[in-house]
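To start, the structure itself, in structure tokens.
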Amino acid sequence: MHQKSLTELRAALDSKEISAVELAQSYLQRIEAAKDLNAFIGVDRELTLEQARAADAAIAQGSAGALTGLPIAHKDVFVTRGWTSTAGSHMLENYASPFDATVVDRLKRAGMVCLGKTNMDEFAMGSSNENSYFGAVKNPWDTKAVPGGSSGGSAAAVAARLAPAATGTDTGGSIRQPASFTGITGIKPTYGRVSRYGMIAFASSLDQGGPMAQSAADCALLLNAMGGFDERDSTSLQRENEDYTRYLGKTWNGGDAAKPLAGLRIGMPKEYFGAGLADDVRASIQAALKAYETLGATLVEVSLPKTELSIPVYYIIAPAEASSNLSRFDGVRYGHRAAQYKDLLDMYKKSRAEGFGPEVKRRILVGTYVLSHGYYDAYYLQAQKIRRIIARDFQEAFKQCDVIMGPVAPSVAWNLGEKTDDPVQMYLADIYTLSVSLAGLPGMSVPCGFGAGANANRPVGLQIIGNYFNEARMLQVADAFQRATDWHRKAPSASASGV
Ligand code: GLN
């Protein structure tokens, strides 16, 4: 049962092969058995079963929708009533939100059953899920490896089949990269598609929620329920709701079923295939591009000349916004407060010193520095200008192609502890995902192979980048690949994942 996709589980619920309560129980059992992966921060059996019973009632009444009774895990950055909402931080270790994030609320209204809250890098800062106050998450394919970050708990949960789907957030790659490292499918929508209301803020001009699941088809279903205008988010896009499944299974240009993607032009940015790309990742990506040619697509070389600058630009803008967003954690209004202090200032200092981990402190320091008088023009303003050029470069590229493809990350998942002493090495691993976030474009990761040699058990993800609002077409392109291949069907062995 746990290998089934959302669509398959829907059929099992509708045919009464299984009830929502039984389904929830079986996943809760798997979560318990796979505790060593450390994928979950918050589990509350009773709350989950209560939602499952409500779903069963809706199914019995004949009022079930496409997602009623299907389980989902939420990244602990989304505030949820009932479960704690920690953002992976000591600062919010005991934080109980009085309301649900819009994403959580919409999925709940759609009838989904929350299995609990997944582990993450503290305040979503990281690429390996080793920055969590609650400890690192292990990659279910190889427990010596990181699962990627910052949505590493969500990715590990879906990969180990502890949940059929999960939510994630992507500020600079945190849906795509962990999806890539764990062999699952994840999509970061166009900035503004998914409400940020109730998503604990990291860098507000970049943060974007999205679904993580086994397949593009499942992600499309989830996005239907998660997305859409929200008046409580000031940067939410005012657009008509759309059905993201509408192109699935169709041909690109209404042509021949044998060549479903005939007419599709795939741009390969030459900067994404340069020296820094590991050979095994390159081989898997090239094989995937070949498969796309077989489906009828044509490949064109494009250029994104400022790719390298995306790292300094992102690591100026994201910390700048973070330093401002995180100023609300002062020990007064939310979260941790030091037990002993001399006066108000000392209380602020001690609460923040104790509540935040080292990476978060590093970002606050960098952020306040680049925003300070005298450095603002030299760093922050320059970064904003280059951000604009990065976005413009994508528009140039999209004149020649319909989607852009390349690797998600320069290597497969690295070993736990391998990059923890060297934050810059960790930042460099974000090279292929950051510019998409800076431009606000939609991007996704689709499993397309495995590494070589000692990495033969570590998945590789293909990145698909679309133009603004082109999610439905991107999902079609990803789904066509998944109809022709079975990389997305592969799951880690029970001995590796603990279940
Ligand atoms: N790895 C990037 C960072 O550390 C991106 C994280 C994210 O997307 N939340 O900031």
Side-chain angles (χ1 to χ4, degrees), residues 75-78 87-89 103 118-132 136-137 146-155 166-181 186-189 191 194 196 199-212 310-326 356-367 370 383 387 408-411 413-414 418-420 422-445 461 463 465:
K75 183 176 181 178
D76 212 16
V77 77
F78 289 101
S89 182
V103 162
T118 58
N119 203 344
M120 56 179 284
D121 280 306
E122 186 175 3
F123 288 104
M125 299 174 187
S127 312
S128 66
N129 221 118
E130 294 166 293
N131 294 335
S132 169
V137 177
V146 301
S150 63
S151 313
S154 287
T167 51
T169 59
D170 190 311
T171 302
S174 280
I175 288 176
R176 291 162 286 158
Q177 187 253 23
S180 170
F181 281 12
I187 176 165
K188 176 199 99 77
Y191 179 79
V194 169
R196 289 185 297 107
M199 225 170 84
I200 297 166
F202 163 16
S204 307
S205 77
L206 295 154
D207 295 344
Q208 186 58 201
M212 305 172 83
S310 65
I311 294 175
V313 167
Y314 173 89
Y315 281 98
I316 289 170
I317 292 175
E321 294 185 21
S323 72
S324 158
N325 272 324
L326 269 54
F356 292 136
E359 182 62 23
V360 175
K361 286 178 185 155
R362 182 152 42 233
R363 306 251 181 145
I364 293 173
L365 286 173
V366 171
V370 299
R387 180 179 190 176
V408 172
S411 72
W414 53 85
E418 195 177 322
K419 295 187 201 282
T420 36
D422 191 347
V424 173
Q425 277 307 313
M426 192 85 89
Y427 300 167
L428 290 174
D430 296 339
I431 176 88
Y432 305 132
T433 50
L434 296 178
S435 47
V436 174
S437 297
L438 288 165
L441 290 166
M444 61 187 296
S445 177
Q463 184 169 206
I465 303 163

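The residues of the chain are indexed from 1 along the displayed sequence. Predicted, not measured: the structure shown is a model, and the values here were computed from it. We count ligands from 1, going down the list as the structure has it; atoms in each ligand are counted the same way.
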Thr171 contact mode with ligand 1 (heavy-atom cut-off under 4.0 Å): both

CE on Met125 to CE on Met426, rounded to 0.5 Å: 14.0 Å

Rounded distance [0.5 Å steps], CZ in Phe123 versus OG in Ser150: 12.0 Å

Give the numbers and elements of all ligand 1 atoms closer than 4.0 Å to a heavy atom of [X].
| X | answer |
| --- | --- |
| Gly172 | 5 (C), 7 (C), 8 (O) |
| Ser150 | 9 (N) |
| Gly126 | 1 (N), 2 (C), 3 (C), 4 (O), 6 (C) |
| Ala124 | 6 (C), 7 (C), 9 (N) |

Taking a cutoff of less than 4.0 Å between a non-hydrogen atom of the residue and any ligand atom, is [X] in contact with ligand 1?
| X | value |
| --- | --- |
| Gly173 | yes |
| Tyr427 | no |
| Arg363 | yes |

Just to confirm my output: which protein heavy-atom neighbour is closest to [atom], and how far is it?
| atom | answer |
| --- | --- |
| atom 7 (C) of ligand 1 | Ser174 OG, 2.4 Å |
| atom 5 (C) of ligand 1 | Tyr314 OH, 3.3 Å |
| atom 3 (C) of ligand 1 | Tyr315 OH, 3.2 Å |

Side-chain donor/acceptor of Asp76 to backbone N/O of Asn119, under 3.5 Å: no

N/O donor-acceptor pair under 3.5 Å between Lys361 side chain and Phe356 backbone: yes

Side-chain donor-acceptor contact under 3.5 Å, Ser151 with Lys75: yes

Geometric N/O contact Met125 with ligand 1, under 3.5 angstrom: no

Closest contact, heavy atoms only, Ser205 versus Arg387: OG-NH1, 2.9 Å

Closest contact, heavy atoms only, Pro178 versus Met212: CG-CE, 4.2 Å

Aromatic ring pairing Tyr427/Tyr315, orientation class (parallel under 30°, perpendicular over 60°, tilted between): parallel

